[in-house]
Protein chains: 2
Amino acid sequence: MSTERPDPTGAGQGPAQRGRPERGTSRRGFSRRGLLLGAGVGGAGVAAAASMGSALGWGETQPEVRSISYGAETVPFYGARQAGIETPAQAHAVLVALDLRDPTDPNSVTRLLRLLSDDASRLTAGRPALADTEPELAAHPASMTVTFGFGPRLIEALDPSAAPTWLKDLPDFEIDDLDPALCGGDLLLQICGNNPISLAHARRIMLKSARSEARPRWVQDGFRSAHGAQEEGSSMRNLFGQVDETVQPERGGDGNEFAVWGHPPQGFSSSLSPWVEGGTSLVIRRIRLDMDGWDELARSGKESSVGRDLSVGAPLTGTREHEDPDFEATSALGFPVIEEFAHIRRARQMAPEEQILRRGYNYDDPPSGERISDSGLIFMSYQADVERQFLPIQRRLAEGDRLNEWTTPIGSAVFAVPPGCQPGGFIGDFLT
Amino acid sequence: MSTERPDPTGAGQGPAQRGRPERGTSRRGFSRRGLLLGAGVGGAGVAAAASMGSALGWGETQPEVRSISYGAETVPFYGARQAGIETPAQAHAVLVALDLRDPTDPNSVTRLLRLLSDDASRLTAGRPALADTEPELAAHPASMTVTFGFGPRLIEALDPSAAPTWLKDLPDFEIDDLDPALCGGDLLLQICGNNPISLAHARRIMLKSARSEARPRWVQDGFRSAHGAQEEGSSMRNLFGQVDETVQPERGGDGNEFAVWGHPPQGFSSSLSPWVEGGTSLVIRRIRLDMDGWDELARSGKESSVGRDLSVGAPLTGTREHEDPDFEATSALGFPVIEEFAHIRRARQMAPEEQILRRGYNYDDPPSGERISDSGLIFMSYQADVERQFLPIQRRLAEGDRLNEWTTPIGSAVFAVPPGCQPGGFIGDFLT
């Protein structure tokens, strides 16, 4: 039983500090030792590695080989764009929306952003925050990212002229049953990672740093499948059991460049542009799922409501998740195979701009009273322009999506996502 | 992007059904394909495996190799003892305490236990429950276990003479600030696993099965470090940053046989015995951590409160986590190195019976109002006899543990843990 010795001062050179890998690559070399250490996550991996060594004549089983695991993996914080947007969605999310304390002034907001950026840069690198009271909890960031979103009041405090026109509450939709306590916020921290302990620590550290300038407005935890528990690259499932987020901009090549960052492809006539270079927007909708009502539907009813099968998420006109639905196909009786109000027909792209990068999380909170579920989806989407990309889709869904019968938006927020920052700077420094 | 096709009917032979491994072993063979598939968890693992193949002359990188991951791993449900007790603690826990509806009668309780045992046997094997409305969510159990605990009313309903004498509320302790809504329960379901989606699904399925006979009394989610994010075998840390659960019965050889299952070693004079062969007890204490108060302590103050250092959890008289503390050691000034009211001095074993198997989880619930944390520890311990094993330790801690200043028990429950069952039987069948 060995135990790692993290450096409690944060000044030393812990494993997470010896150079930073490029995003998406591993810091592990492929030396024999690296291979053995890198290959094993959990007991089975170690056993496989040890057995492999033996089978290849490298000696007997190697009980001293220990899994280093993915806990030390990091995603760079600094850069022209913030991490946690195009970063493959981690298993866990902690969302914290903060309200600035009155009165706001540029100095206090700047101080807040500087402090939080410093926290985020250290914690995502696997290092303790400044004056971290639980430095050991920073040791396993497991690809943690912290992504900042700005509400109208925060931008107003720094530079009123900078606010994008779409930065405001979404229009009311008839399907909504919004709880104001779950809506809005002046500053969003989207803390994502593969290790729930690191996220709990980061949330605490950053709320402490923010305490004198802001108070928590709402907090919501979410999850997807655990890191490594499912085939890599497979789409998430929501708690209705549906394959979700099949349609993403990147499936069409450089889709994110256009949809998220507002850079139309060469020769493409579109006025889509980001509110600031390297910036984008984030829409969050907390959507309650009526699990009991959904249960009453037969499997075929569920599938026709969505327009996809439940087993692999294939459109009802196909067999594979990522093939294009055939919206013209009709049954022998002449009815459309994908119904008029099926979710995927209503949500499908109707204009070149209608692409969004989805990054949602499930929630499953403790039920109260006689209820046995308080479950739902934290819908999250990134797009360069809320009005031209998100809203047209949302309007069609609000007008007529069969899923509306079993889903209710209870929380809603829109944030302007600023660019990333460079070492020495802070998120939002371009506004000061 | 391939997607697995689980069998929605549950009748077919999915991967999780092709034979069941022994507890603690992997179902993966060590064929070349098995090795490649088994070794990779996440992208780095796949890359390592592919690179390995190349280095060994097995051909070029193998983009078709996909990680099967630990999602399919299972822990057997059936057996003389229930799973989820000695099973290495999984990353996530969902605890559900149920109240039986009035009036209770043996038939309805038996029906309830039969249904829930059937659900648990299927879901832990990675198969959908009977009439599972979201069968795909059962496909990645990731070592899920469901462990049943019985409260007094449940045993009363089946066989009043069977109730162990220690099955009652713990005595009041001055340190307690118990919320009745977080205490007790007639039936506990301890659902643990490495994949939060599978746990959410299992919770829903089992609460549906129970609905006509029972209602949820309290529900609490907890977490440890994510599966594979930390060195295997390292102790958990709680949100105070302390290494926790260092002292466990198994460290003394067959400790669990004695402490959990009530089987004294040969020649050992002890009257410890289980309430029923293969049964044990579970104590749950929901302990709120005063994070703000703890923060005010200097690092040395934290360490002397516990009696261990924070970096590796070593006793203050040593350097390694698992070495024995020297309670006699004194400083140059003649003071004990481990203080009189240090946690580990008060908690240490004072009689042969005072051993418990701990299996706790952290919680980090959304804070409300001006608070920035609602965090704590779900203390859980298994022992053959609550009164002879748990209570003496708890009394000493309640009387004088320096940690009491920053910790408050807010929930408390004791359950009699029945033996496991065999296929065709159900948990609790020995009482009917």
Side-chain angles (χ1 to χ4, degrees), chain A residues 1 3-5 8 26 28 30 35 38-39 41-45 47-48 51-52 66-67 69-71 133-134 136-137 140 142 194-197 200 204 207-208 211 215-216 219 223 225-234 237 239 241 291 295 310-312 321-322 364 366-367 370 372-373, chain B residues 1 3-5 8 26 28 30 35 38-39 41-45 48 51-52 66-67 69-71 133-134 136-137 140 142 194-197 200 204 207-208 211 215-216 219 223 225-234 237 239 241 291 295 310-313 321-322 364 366-367 370 372-373:
Chain A
M1 299 260 174
T3 312
E4 188 183 58
R5 277 189 180 270
S26 165
R28 301 172 188 143
F30 293 130
L35 198 156
V41 173
S51 161
M52 174 177 68
R66 300 192 65 77
S67 159
S69 85
Y70 60 84
T133 42
E134 287 80 35
E136 286 81 6
L137 297 185
H140 299 92
N194 289 320
N195 191 0
I197 291 202
R204 164 117 190 123
L207 282 175
K208 273 203 289 186
R211 185 150 45 180
R215 67 169 67 81
V219 174
F223 58 89
S225 195
H227 181 66
Q230 248 175 261
E231 296 70 19
E232 217 193 340
S234 57
R237 283 189 188 267
L239 295 178
M291 301 290 291
D295 273 358
L310 282 161
S311 61
V312 301
E321 178 189 356
H322 289 291
D364 191 36
E370 285 283 334
I372 63 167
S373 295
Chain B
M1 300 260 174
T3 312
E4 189 184 58
R5 279 189 178 270
S26 165
R28 299 170 188 143
F30 293 130
L35 200 156
V41 173
S51 162
M52 174 176 68
R66 301 192 64 76
S67 161
S69 85
Y70 61 84
T133 41
E134 287 79 35
E136 285 81 7
L137 297 185
H140 299 91
N194 290 320
N195 191 358
I197 292 201
R204 163 117 190 120
L207 282 176
K208 273 203 290 185
R211 186 150 44 182
R215 67 169 68 82
V219 174
F223 56 91
S225 194
H227 182 66
Q230 247 175 263
E231 298 69 20
E232 217 196 341
S234 58
R237 283 190 188 266
L239 295 178
M291 301 291 290
D295 273 358
L310 282 161
S311 62
V312 300
E321 179 190 356
H322 289 292
D364 191 35
E370 284 284 334
I372 63 169
S373 294

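All of these numbers come straight from a predicted model, not from anything done at the bench.
Shown here are the side-chain contact (heavy atoms from CB on, under 4.5 Å) partners of A/A226, two or more places apart in sequence or in another chain: A/A229, B/Y70, B/N195, B/P196. Here A/P366 pairs with B/V219 under the side-chain contact (heavy atoms from CB on, under 4.5 Å) rule; sequence neighbours left out.
Looking only at heavy-atom pairs under 4.5 Å with chain B, the residue among A/L207, A/D364, A/L239 that has the most is A/D364. The choice from A/L310, A/I372, A/N194 that makes the most heavy-atom pairs within less than 4.5 Å of chain B is A/I372.
In this structure, the separation between CE on B/M291 and CD on A/E134 is 4.5 Å, given to the nearest 0.5 Å. Interatomic distance, CD of B/E231 versus NE2 of A/H140, reported as 4.0 Å (0.5 Å rounding). Between B/R237 atom CZ and A/L137 atom CG the span is 7.0 Å, to the nearest 0.5 Å.
Closest approach of B/R204 and A/S373 over heavy atoms only: NH1-OG, 2.7 Å.
Residues B/K208 and A/D295 meet the side-chain proximity criterion, which asks for heavy atoms closer than 4.5 Å.
In this structure, the portion of A/R215 lying under 4.5 Å from any heavy atom of chain B is its side chain and not its backbone.
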